[in-house]
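Before any comments, here is the structure.
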Amino acid sequence: MATVSELLTANLHDVFGNRDATSRRAAIERTYSPAVAFTDPEGTAVGWDALDQKAAELLDRMPGAFQFVEEGRRYVSATHGALAWGFGPVGAPAVRGIDVIEVRDGVVVTLTTFFAEPGDTD
């Protein structure tokens, strides 16, 4: 069973940072509950297919040089975790945010993404 810290890594790098559709889908199915709820400022997407679509749409509209980079410490408990990140060219993120996950039975059941306020990317 994956730890909360391992699930934070999988969420950021194996799913949202992964441009290969086949390996991204495999990561989704091992990382999240089939009924995962992903909430960001655009709304809430529920389930593997919806999460896969959100990740694919994000990566498809961004240049190939854009990457997710972890920023700062991870925060974890037995059931929750948080990880800050930057997204953009390495060393020059275009956007920053934080992911908060809730874990049950070794998989992510909820994922909430918050973005830094505009102008707060330094």
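Residues: numbered from 1 along the sequence shown.
Considering all non-hydrogen atoms of both residues, Val15 and Arg24 come closest at O-CD, 3.3 Å. Residue Pro93 comes nearest to Gly86 through the heavy atom pair CB-CA, 4.0 Å, listed as atom of the first residue, atom of the second, then distance. Contact detail for Pro41 and Thr113: the closest heavy-atom pair is CD-O, 3.8 Å. Contact between Phe66 and Pro89 at its shortest, heavy atoms only, is CE1-CD, 3.6 Å. Nearest heavy-atom pair across Ala45 and Ala50 is CB-CB, 3.7 Å.
Here Leu83 contributes atom CG and Arg73 contributes atom CZ; the two are 13.5 Å apart, rounded to the nearest 0.5 Å. Here the CZ-CG distance, from Phe38 to Asn11, works out to 8.0 Å after rounding to the nearest 0.5 Å. Between the OG1 atom in Thr44 and the NZ atom in Lys54 there is a gap of 9.0 Å [rounded to 0.5 Å]. Of the inter-residue distances, the one linking Gln67 atom CD with His13 atom NE2 reads 10.0 Å to the nearest 0.5 angstrom. Here Thr79 contributes atom OG1 and Glu102 contributes atom CD; the two are 6.5 Å apart, rounded to the nearest 0.5 Å. The CG atom of Leu8 sits 10.5 Å away from atom OG1 of Thr31, with the distance rounded to the nearest 0.5 Å.
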Q: Decide yes or no on side chain to side chain contact (heavy atoms under 4.5 Å, CB included) for Asp49 and Arg25, but give the supporting numbers first.
A: CA-CA 9 Å; Asp49 290 342; Arg25 182 58 185 226; 2.7 Å; yes

Should Tyr75 and Val100 be marked as a side chain to side chain contact (heavy atoms under 4.5 Å, CB included) after you check the CA-CA gap, both sets of side-chain angles, and the distance that decides it?
CA-CA 9 Å; Tyr75 297 87; Val100 178; over 6 Å; no

- Stepwise salt bridge (charged side-chain N to carboxylate O under 4.0 Å, His left out) test for Arg61 and Glu57: CA-CA 6 Å; Arg61 69 178 187 251; Glu57 288 173 355; 5.1 Å; no

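One hydrophobic cluster, built from ILVMFWY side chains closer than 4.5 Å, holds both Val95 and Leu58. Under a hydrophobic clustering in which Ile, Leu, Val, Met, Phe, Trp and Tyr are joined whenever their side-chain heavy atoms come within less than 4.5 Å, directly or via other members, Ile101 and Phe114 fall into different clusters. Under the 4.5 Å side-chain heavy-atom criterion for Ile, Leu, Val, Met, Phe, Trp and Tyr, Val69 and Leu59 are members of distinct hydrophobic clusters. In terms of hydrophobic clustering, with Ile, Leu, Val, Met, Phe, Trp and Tyr side chains grouped at heavy-atom distances under 4.5 Å, Leu7 and Trp48 are assigned to a common cluster. Under a hydrophobic-cluster definition in which Ile, Leu, Val, Met, Phe, Trp and Tyr are linked whenever side-chain heavy atoms come within less than 4.5 Å, directly or via other members, Tyr32 and Val76 are assigned to the same cluster.
Panel note: side chain Arg74, backbone Ser5; a donor-acceptor pair is recorded below 3.5 Å.
Contact of the Leu111 side chain with the Phe16 side chain is registered, since non-hydrogen atoms from C-beta on lie closer than 4.5 Å.
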